[in-house]
Amino acid sequence: MRRGISVAAAVGVLALTATACGGDGGSGSDGSKAANDPGSVSGTITWWDTSDATNEAPAFKKLVSAFEAKYPNIHVDYVNVPFDQAQQKFKTAAATGKGAPDVLRSDVGWTPGFAQLGYLKDLTGTPALDKSDDFLDGPLKNAAYQGKTYGVPQVTDTLGLLYNKELFQKAGIDKPPASWAEVKEDAAKIKDKTGADGIGLSPDGYYSLPFLYGENSDMVDAGKKKITISDAASLKGIETAVDLVKSGAAPKPAGTDGYNVLKTDFKNGKLAMMIDGPWATKEIFGGDAYKNKANLGIAPVPAGSTGTAGAPVGGHNLVVYAGTKNFDASYLFTRFMTDAAQQDRVSDAIGVLPTRKSAYTKEVLADPVRSSFYQALGKAHPRPPIPQGGDLFPDWLQHYTRILTLKEDPKTGLDATAKTWQSALLKDYGIGE
């Protein structure tokens, strides 16, 4: 982990006195007004929602309307920001002190980095973080950095193997594959019996993690301060993914928008399996192959050669910009959006997983999708607790896409990724076994 702070970060810290977006009802950062007299809190705050604009955002917009109805003196300026643009956009706004939102829906991998840069308010002891013992341990840890809590967990997730039960039945397969070797075998049977492709592999680097975990590896070893993306175990994991493509078990992914292409083929029955999370199911159920929702099977991600199977813990926190002019309204909004009742509403609407224990009601767990992913969370792999965690993927994305589309040798791409990380992000980390 690097020590110190960059020039851009220093600018951001100095800019925290600048005016944030909205915030016309100034308040102190202790949140005393929100705690003691919430009805008197007024003003405007801006929320950047990074959820999918088509399949998820409408549910969150309804919660915003419910919040404004409960607190009529507070107006929320809702802005949907594309997920792949939000991290850098927030950094730029916070560093310059111009246009940063009061509240951001932050990926769990971004939160430590934003906190290290001084862009986030420590929410420990504030009204925003209500009933912290009600949160699941994993999501709450993903909201913390160096012993302080900088985010309130809103949704959590992990990955699973999604499969088409009808195609499996036609191919004479009576259970989902438990290993990548079995995936390869089942894909051949499915292609022969049904004509459908076997498994879709997203070229997004996040989806490479089960292949690393299956070999007991990871992108980095934070404890030993080593970059492990290019070690022998990681190479074996990525070669397993490449072998699925070369063997025909997985179609070669599209270099552009590969994930959405695969999801479209899966929901329309042209693809039998894919690795994905609960957020994808709403769209999948809109496809021709899943008009009968019972046709969707969900199983743990397959294991690697070590017999280990693992998927990452994902999700999003609501974080408060340290330069907001309206802490009280920001705290109230964050608390409202992350309470059990709102989590239950969103989970029911779009299938995402709650972060509060009390939100896992009998009704929630009666749903096969949420029940399957909730069980998977218990075995999910924690993300590296480093500020640079959210910055590791852009460079890896470029190489992993080239590797999966068979345009780059796996070892070449892994070595190049490790060297780039060391030179730009993890200067005090070693490379190797």
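Values below: every heavy atom of this structure, side chains too, minus hydrogens, waters and symmetry copies. Throughout, numbering of the chain's residues begins at 1 and tracks the sequence.
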| task | Apply the test side-chain contact (heavy atoms from CB on, under 4.5 Å) to residues Y331 and T334: give CA-CA distance (whole Å), side-chain angles for both, the deciding distance (0.1 Å), then the verdict. | result | CA-CA 5 Å; Y331 293 159; T334 299; 5.8 Å; no
Under 3.5 Å side-chain donor-acceptor pair for [X] and [Y]:
{"X": "S106", "Y": "T111", "result": "yes"}
{"X": "N216", "Y": "T308", "result": "yes"}
{"X": "D231", "Y": "S234", "result": "yes"}

| task | For the pair N317 and W110, evaluate side-chain contact (heavy atoms from CB on, under 4.5 Å) and give the outcome as yes or no after the intermediate values. | result | CA-CA 9 Å; N317 303 316; W110 305 344; over 6 Å; no
[X] (side chain) donor-acceptor with [Y] (main chain) under 3.5 angstrom:
{"X": "E166", "Y": "N295", "answer": "no"}
{"X": "T156", "Y": "G314", "answer": "yes"}
{"X": "T124", "Y": "T149", "answer": "yes"}
{"X": "K165", "Y": "A294", "answer": "yes"}
{"X": "E68", "Y": "H75", "answer": "no"}
{"X": "T361", "Y": "V364", "answer": "yes"}
{"X": "S42", "Y": "I74", "answer": "no"}

Return the minimal non-hydrogen interatomic distance between [X] and [Y], and the atom names on each side.
{"X": "S217", "Y": "A233", "answer": "CB-CB, 3.8 Å"}
{"X": "V261", "Y": "A254", "answer": "CG2-CB, 4.3 Å"}
{"X": "T417", "Y": "D395", "answer": "OG1-O, 4.4 Å"}
{"X": "L392", "Y": "M219", "answer": "CD1-CE, 3.9 Å"}
{"X": "N326", "Y": "G43", "answer": "ND2-CA, 3.8 Å"}
{"X": "Q116", "Y": "P387", "answer": "OE1-CB, 3.5 Å"}

| request: Please find out if less than 6.0 Å separates the ring center of F114 from that of F90. | output: yes
| task | Verify whether the ring centers belonging to W421 and Y429 lie closer than 6.0 Å. | result | no
Would you indicate whether the side-chain heavy atoms of [Y] and [X] approach each other to under 4.5 Å?
{"X": "L201", "Y": "P253", "answer": "no"}
{"X": "L140", "Y": "D137", "answer": "no"}
{"X": "F327", "Y": "D30", "answer": "no"}
{"X": "L161", "Y": "P177", "answer": "yes"}
{"X": "M337", "Y": "V152", "answer": "no"}
{"X": "K121", "Y": "S29", "answer": "yes"}
{"X": "Q398", "Y": "T420", "answer": "no"}
{"X": "V242", "Y": "L406", "answer": "yes"}

| task | Verify side-chain contact (heavy atoms from CB on, under 4.5 Å) between I199 and W180, making sure each step is shown before the conclusion. | result | CA-CA 10 Å; I199 185 167; W180 295 116; 4.0 Å; yes
How long is the span from the [atom1] atom in [X] to the [atom2] atom in [Y], to the nearest 0.5 Å?
{"X": "Y163", "Y": "I190", "atom1": "OH", "atom2": "CD1", "answer": "11.0 Å"}
{"X": "H399", "Y": "I229", "atom1": "NE2", "atom2": "CD1", "answer": "10.5 Å"}
{"X": "W279", "Y": "H316", "atom1": "CH2", "atom2": "NE2", "answer": "9.0 Å"}
{"X": "K226", "Y": "D218", "atom1": "NZ", "atom2": "CG", "answer": "14.5 Å"}
{"X": "I431", "Y": "K419", "atom1": "CD1", "atom2": "NZ", "answer": "7.5 Å"}
{"X": "D133", "Y": "K131", "atom1": "CG", "atom2": "NZ", "answer": "9.0 Å"}

Report all side-chain donor-acceptor pairs from residues 372-381 shorter than 3.5 Å, counting only partners two or more places apart or in another chain.
from, atom 1, to, atom 2, distance (Å)
S372, OG, P368, O, 2.8
Q375, NE2, S371, OG, 3.3

| field | side-chain contact (heavy atoms from CB on, under 4.5 Å) partners of S132, counting only residues at least two apart | value | L129
| field | Chi angles and distances behind the side-chain contact (heavy atoms from CB on, under 4.5 Å) call for R370, D348 | value | CA-CA 9 Å; R370 286 173 284 178; D348 183 61; 3.9 Å; yes
| Tell me the side chain to side chain donor-acceptor pair (under 3.5 Å) pairs involving residues 196-211, sequence neighbours left out? | K191-D197, Y207-D276, S208-W396
| Is it the case that more than 12 heavy atoms not belonging to Q88 sit under 6.0 Å from its CD atom? | yes
| said: Quick check on K357: does its NZ atom have over 12 non-hydrogen neighbours (other residues, nucleotides or ligands) under 6.0 Å away? | reply: yes
| Out of Y321, F67, F333, which one pairs with W47 under the ring pair (Phe, Tyr, Trp, His ring centres under 6.0 Å) rule? | F333
Only pairs under 3.5 Å count here: list side-chain donor-acceptor contacts from residues 79-86, not counting sequence neighbours, and write none if there are none.
from, atom 1, to, atom 2, distance (Å)
N80, ND2, D49, O, 3.3
N80, ND2, S51, O, 3.1
N80, ND2, Y78, OH, 3.3

Please set out all donor-acceptor pairs under 3.5 angstrom arising from side-chain atoms of residues 266-275, sequence neighbours excluded.
from, atom 1, to, atom 2, distance (Å)
K267, NZ, E283, OE2, 3.3
N268, ND2, T264, O, 3.2

| query | Any Lys/Arg nitrogen of D134 or R356 sitting under 4.0 Å from an Asp/Glu carboxylate oxygen of the other? | reply | yes
| said: The criterion is salt bridge (Lys or Arg N to Asp or Glu O under 4.0 Å); which residues satisfy it with D122, sequence neighbours excluded? | reply: none
